[in-house]
K.L.:
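Right, I'll just put the structure down here and ask away after.
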Amino acid sequence: MNLPVSFEKSMRNYLGESWADFEQSYDQPGFFGIRYNPLKISKEQFIACSPVSLEEVPWCRTGFYYDGEQEQPAKHPYYHAGLYYIQEPSAMLPATLLPIEPGDKVLDLCAAPGGKSTQIAGRLQGKGLLVSNDISVSRARALVKNLEMAGVTNAVVTSEKPRKLAGALPGFFDKILVDAPCSGEGMFRRNPQMVKDYAEHGPSYYAELQKEILSEAVKMLKPGGYLLYSTCTFSPEEDEKTAEWIMKRHPFLKICDRFSFDGRGRGMPEWIGSDDDSLKKAYRMWPHKIKGEGHFAVLFQKTEGQAGSFRVRKKSKNLTDEAERFLRTVHVDDRSGVYEEIAGKLYLVPNDMPELKGIRMVRSGLYLGDIKKKRFEPSQALAMALKAEQYENCIHLPLDDKRVIKYLKCETIPLDGPDGIVLICVDDFPLGWGKLKNGILKNKYAASWRWV
């Protein structure tokens, strides 16, 4: 690989004798990762039914390596059932380091395409609140799909600049993840296109952007809360120097150390001429030391500050008879949220989400379905959020049944069962809805999700 000249020069200087091993890693194949989804399946169940070979990722209890040269887990019905998420192994570290507990209010500030948000959601176990934000509306929509496929019920997706979000939610979150835009040095091996992009925007450009994002994130953090800052670059200007900058600007931030694992690298304050030894508690992932790409992460705790005060949403029950009747059949627990109809679409907005004005919402909670004249059409998101036992009219197709793929391709298929709205499952895992009449299923699988 032809590495950027400026990058190679700086890394030779930083790594010294380790440079040869580091350089050699670019001649080696990368690693492929997969995370099972604890909202839908246990570790033991996943190991038993996994469509790929598995080797555990040391720093992520839900993560595994698989053979990406030979295996294609995205071409499997279990992927479409949301049982797992495909993610580069080192990228699993940041959401693992953040000490999330069920019931927390968590912000993923730069969230698309959703790998870290789905990991956070799995740790929340449907309790508390996840706000996933991305400044790009198109990327935020891709984020929505990944959250819905994972069956997440307690997430709100926004598309705002960090400053505007901070103005609306000061001192609100218990935990915040900032996986910041960066120069991408750590991904050169996996994505050679990053080498070309690097020439346009180097570390200095991204360092200023990272400082701006982090400054707004700190404002949204409760006292006692945790903020995880991560990049996929080696540049100390974007890593240790940015971490030191935010601590000098906010002296009430301290760096925490969570756990170690074989191959973990430490922060390098000496690279920026700093005498702050707490920077050594940061995490560095080196491709010549671990099975993964380059990554940096540092965990801060906010020791002082003031929690915000917010207007709680009022409980509402503005449901049509048809919607209420259907939601009773799937045992939706409305104690976890507030019903809200927006342009004919019905949502269950998490209780912990305060009323906000002027914030661009891409998804206002769990999308339940569409309110039509004298009928209610359940959504794909609702199907993915259910367990098979929550709906009486389920049809379970075995994994090797050819109709599974036909269903995922949005084709009409013959099926035996009672007429009406049915929940189609592969084995015991929901895939989506269909309307059965006289042994023929009218396919209701989301067209935008179609198997191709």
K.L.:
State whether a side-chain donor-acceptor pair under 3.5 Å links Q380 with E148.
P.N.:
no
K.L.:
Closer than 3.5 angstrom, by distance alone: can the side chain of Y391 be matched with the main-chain N or O of V330 as a donor-acceptor pair?
P.N.:
no
K.L.:
Do T231 and D239 pair up side chain to side chain, a donor and an acceptor below 3.5 Å, judged on atom types alone?
P.N.:
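Yes, D239 and T231 have a side-chain donor paired with an acceptor closer than 3.5 Å.
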K.L.:
Strictly below 4.0 Å, N to O, side chains only: are E56 and K43 in salt-bridge contact?
P.N.:
yes
K.L.:
Do Q301 side-chain atoms and G224 backbone N/O form a donor-acceptor pair below 3.5 Å?
P.N.:
yes
K.L.:
Do Q210 and Y229 have side-chain atoms, one donor and one acceptor, less than 3.5 Å apart?
P.N.:
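Yes, Y229 and Q210 have a side-chain donor paired with an acceptor closer than 3.5 Å.
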K.L.:
Please tell me if the side chains of Y283 and R258 come closer than 4.5 Å, counting only heavy atoms from C-beta onward.
P.N.:
yes
K.L.:
Looking only at atom types and distance, does a side-chain atom of N37 sit under 3.5 Å from a main-chain N or O of G82, one as donor and one as acceptor?
P.N.:
yes
K.L.:
Both conditions, 6.0 Å and 45 degrees, for the charged tip of R35 above the ring of F46: are they met here?
P.N.:
no
K.L.:
Please check this pair: side chain of E88 against backbone of A91, looking for a donor-acceptor N/O pair closer than 3.5 Å.
P.N.:
yes
K.L.:
Is it the case that the side chain of E160 and the backbone of R360 share a donor-acceptor pair, with hydrogens and angles ignored and the cut-off at 3.5 Å?
P.N.:
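Such a contact is found between E160 side chain and R360 backbone.
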K.L.:
Determine, for E240 against R284, whether the closest basic-nitrogen to carboxylate-oxygen distance falls under 4.0 angstrom.
P.N.:
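Judged by the 4.0 Å cut-off on N to carboxylate O distance, E240 and R284 do form a salt bridge.
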K.L.:
Is there a donor-acceptor contact under 3.5 Å from the side chain of R123 to the main chain of L98?
P.N.:
yes
K.L.:
Quick one: do R264 and D257 make a salt bridge, cutoff under 4.0 Å?
P.N.:
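A salt bridge is present here (some side-chain N lies under 4.0 Å from a carboxylate O).
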K.L.:
Under a 3.5 Å threshold, yes or no: a donor from one side chain and an acceptor from the other, between E340 and S364?
P.N.:
no
K.L.:
Does any non-hydrogen side-chain atom of L356 lie less than 4.5 Å from one of T158?
P.N.:
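No - every pair of side-chain heavy atoms lies 4.5 Å or more apart.
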K.L.:
Take the angle between the ring planes of F376 and F326 and call it parallel below 30°, perpendicular above 60°, tilted in between.
P.N.:
tilted
K.L.:
State plainly whether the residues E322 and R375 are in salt-bridge range, i.e. N to O under 4.0 Å.
P.N.:
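No, no charged N to carboxylate O under 4.0 Å.
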K.L.:
Could you tell me if T96 and Q119 have a donor-acceptor pair between their side chains, going purely by distance under 3.5 Å?
P.N.:
yes
K.L.:
Any chance the rings of F259 and W59 have centres within less than 6.0 Å?
P.N.:
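No, ring centres 6.0 Å or more apart.
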K.L.:
Between D108 (side chain only) and L130 (backbone N and O only), is there a donor and an acceptor less than 3.5 Å apart?
P.N.:
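No: the side chain of D108 does not pair with the backbone of L130.
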K.L.:
About how many Å separate OH of Y66 and CG of L54, when rounded to the nearest 0.5 Å?
P.N.:
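With rounding to 0.5 Å, CG (L54) is 11.0 Å from OH (Y66).
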K.L.:
Evaluate the side chain to side chain contact (heavy atoms under 4.5 Å, CB included) criterion for residues Y65 and V57: first the C-alpha distance (whole Å), next the side-chain angles of each, then the deciding distance (0.1 Å), finally the verdict.
P.N.:
CA-CA 6 Å; Y65 299 100; V57 173; 3.8 Å; yes
K.L.:
Do any N or O atoms from the side chain of K219 and from the backbone of A166 form a donor-acceptor pair under 3.5 angstrom?
P.N.:
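It does not hold such a pair.
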K.L.:
Please determine if K40 forms a cation-pi arrangement with F429, meaning its NZ or CZ atom is less than 6.0 Å from the six-membered ring centre and no more than 45° off the ring axis.
P.N.:
no
K.L.:
Do the side chains of E244 and K241 get close enough for a salt bridge, i.e. N-O under 4.0 angstrom?
P.N.:
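No.
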K.L.:
Pick out which of L423, V422, T329 makes a side chain to side chain contact (heavy atoms under 4.5 Å, CB included) with N393.
P.N.:
V422
K.L.:
Is it true that a side-chain atom of D174 and a backbone atom of K105 form a donor plus acceptor pair closer than 3.5 Å?
P.N.:
yes
K.L.:
Got a donor-acceptor contact below 3.5 angstrom from the S159 side chain to the I135 backbone?
P.N.:
yes
K.L.:
Within 45° of the axis and under 6.0 Å from the centre of the six-membered ring of Y347, does NZ or CZ of R363 qualify?
P.N.:
no
K.L.:
Assign the ring pair H201 / Y206 to parallel, tilted or perpendicular, where the plane angle (0 to 90°) is split at 30° and 60°.
P.N.:
perpendicular
K.L.:
Using the six-membered ring wherever Trp is involved, compare the ring planes of F7 and F188 and label them parallel, tilted or perpendicular (cut-offs 30° and 60°).
P.N.:
perpendicular
